[in-house]
Amino acid sequence: MFSREALLTHLIEATIPTQIAEEKLKKFGWDANAAKAVLTRMNITHVLSLYLEGKMTGTQLESWANAIEGRDDIGFEAGYESVLSEAIHQLANPLLTLAITTENMRDLAAHLGV
Amino acid sequence: MLKDEAARVHETPYYIWRTSGDDKVRPSHAANEGRVFAWNNPPDTGNPGEAPNCRCTAEPYYGPYDPPIEPVYPELIFLPLARLGKILGALVRAIRMLGTDTLTTAQARNLERFDKKLSKDAGKITVSNGPNGQRVFTADVPARNIPGSFARYEKVVDRAGNTVSYTKTTYGPRGEVISRKVKFGE
């Protein structure tokens, strides 16, 4: 049985399907006064590479970002909070911000500078 | 003649001020033309005929009497308007804050977390009342590429400050729902 921290880490690292991670995380509730896992630029460039390599679809990428967006228990890498917050917002809202295309995702990965 | 004495010796306690109607009438007396005064409560000019060379007369008045209304000067209008503006401003602020001032401490902390996680493009968060002491936090994030489209983030928080549900609904430019994502609850 996964702990909340372990599930969040799996979600962030995309090592289990997003839908399963979300489902299992429900029992812990939404709220957290402090981050229990930290999203880094490396985590995002990793999922972007999965997309660019064809191992993840655009819809899956959007769902992954949606699962992370707004969570109280996921913090952002120190010093890059606004960059990561913006990247997650873009990926979770491609219709309103930036379409998930190969070119755009390459640009985003380059912007993250890892 | 003393004022009370004037009131006693006249036919009625009240009169209508009449001027002689020519261009020699003093402006201050012309302003009294047609107005009703009481003999024992005359205007600043005194009763008709009292001022030196005054040719004005008093026409007996038998109707009801209302004390004369003083002229309203602009400065007397602006002062109450300025006060009214302040009152309205305070009222608007109170309406904007409606809901937030009644948040429990735990709800207020949840609101802070909600705000912290929103995109920098997010508009003002509104707080509305839900059932059983619940509060609903709502914020819209406009689209960058489609004018009129936006994502609405809505979080329902119970009295204890726990998140009951959190949804994101994406709207098209005509207000149509494009997608709805339940992040938590429901």
I'd like to know if A:Ile68 and A:Leu98 are part of one continuous hydrophobic network [Ile/Leu/Val/Met/Phe/Trp/Tyr, side-chain heavy atoms within less than 4.5 Å].
no
Search all heavy atoms of A:Leu96 against all heavy atoms of B:Val141 and return the closest pair with its distance.
CD1-O, 4.2 Å
A:Ile74 portion near chain B, given a 4.5 angstrom heavy-atom threshold:
backbone
Who pairs with A:Pro17 by side-chain contact (heavy atoms from CB on, under 4.5 Å), at least two apart in sequence or on another chain?
A:Ile20
Given a cutoff of under 4.5 Å between side-chain heavy atoms of I, L, V, M, F, W and Y, with clusters grown through shared members, what are the other residues clustered with B:Val164?
B:Val136, B:Val156
Which atoms of A:Ala32 are under 4.5 Å from chain B, going by heavy atoms: the side chain, the backbone, both sets, or neither?
backbone
Taking only distance into account, so ignoring hydrogens and angles, what donor-acceptor contacts under 3.5 Å exist between chain B and chain A?
{"unit_1": "B:Asn110", "atom_1": "ND2", "unit_2": "A:Asp31", "atom_2": "OD1", "d": "3.2"}
{"unit_1": "B:Arg113", "atom_1": "NE", "unit_2": "A:Asp72", "atom_2": "OD2", "d": "2.8"}
{"unit_1": "B:Arg113", "atom_1": "NH1", "unit_2": "A:Asn33", "atom_2": "OD1", "d": "3.1"}
{"unit_1": "B:Arg113", "atom_1": "NH2", "unit_2": "A:Asp31", "atom_2": "OD1", "d": "3.1"}
{"unit_1": "B:Lys117", "atom_1": "NZ", "unit_2": "A:Arg71", "atom_2": "O", "d": "3.2"}
{"unit_1": "B:Lys117", "atom_1": "NZ", "unit_2": "A:Ile74", "atom_2": "O", "d": "2.5"}
{"unit_1": "B:Arg144", "atom_1": "N", "unit_2": "A:Leu96", "atom_2": "O", "d": "2.6"}
{"unit_1": "B:Arg144", "atom_1": "NH1", "unit_2": "A:Glu86", "atom_2": "OE2", "d": "2.5"}
{"unit_1": "B:Arg144", "atom_1": "NH2", "unit_2": "A:Glu86", "atom_2": "OE1", "d": "3.1"}
{"unit_1": "B:Arg144", "atom_1": "NH2", "unit_2": "A:Glu86", "atom_2": "OE2", "d": "2.9"}
{"unit_1": "B:Asn145", "atom_1": "ND2", "unit_2": "A:Leu95", "atom_2": "O", "d": "3.4"}
{"unit_1": "B:Asn145", "atom_1": "ND2", "unit_2": "A:Thr97", "atom_2": "O", "d": "3.3"}
{"unit_1": "B:Tyr153", "atom_1": "OH", "unit_2": "A:Glu69", "atom_2": "OE2", "d": "2.4"}
{"unit_1": "B:Tyr153", "atom_1": "OH", "unit_2": "A:Asn93", "atom_2": "ND2", "d": "3.2"}
{"unit_1": "B:Thr163", "atom_1": "N", "unit_2": "A:Asp31", "atom_2": "OD2", "d": "2.6"}
{"unit_1": "B:Thr163", "atom_1": "OG1", "unit_2": "A:Asp31", "atom_2": "OD1", "d": "2.4"}
{"unit_1": "B:Thr163", "atom_1": "OG1", "unit_2": "A:Asp31", "atom_2": "OD2", "d": "3.4"}
{"unit_1": "B:Lys168", "atom_1": "NZ", "unit_2": "A:Asn66", "atom_2": "OD1", "d": "2.6"}
{"unit_1": "B:Lys168", "atom_1": "NZ", "unit_2": "A:Glu69", "atom_2": "OE1", "d": "3.1"}
{"unit_1": "B:Lys168", "atom_1": "NZ", "unit_2": "A:Ala92", "atom_2": "O", "d": "3.0"}
{"unit_1": "B:Lys168", "atom_1": "NZ", "unit_2": "A:Asn93", "atom_2": "OD1", "d": "3.0"}
{"unit_1": "B:Lys181", "atom_1": "NZ", "unit_2": "A:Glu22", "atom_2": "OE2", "d": "3.1"}
{"unit_1": "B:Lys183", "atom_1": "NZ", "unit_2": "A:Asn66", "atom_2": "O", "d": "2.7"}
{"unit_1": "B:Lys183", "atom_1": "NZ", "unit_2": "A:Glu69", "atom_2": "O", "d": "3.2"}
{"unit_1": "B:Lys183", "atom_1": "NZ", "unit_2": "A:Glu69", "atom_2": "OE1", "d": "2.9"}

List for me each residue that meets side-chain contact (heavy atoms from CB on, under 4.5 Å) alongside B:Ala30, sequence neighbours excluded, and say none if there are none.
B:Val25
Flag yes if A:Val38 and A:Met42 sit in one hydrophobic cluster, no otherwise; membership is Ile, Leu, Val, Met, Phe, Trp, Tyr, and two members link when side-chain heavy atoms are under 4.5 Å apart.
no
Would a single hydrophobic cluster contain both B:Ile146 and A:Leu91, if residues Ile, Leu, Val, Met, Phe, Trp and Tyr are joined by side-chain heavy-atom contacts under 4.5 Å?
no
Is it the case that more than 12 heavy atoms not belonging to B:Asn132 sit under 6.0 Å from its CG atom?
no
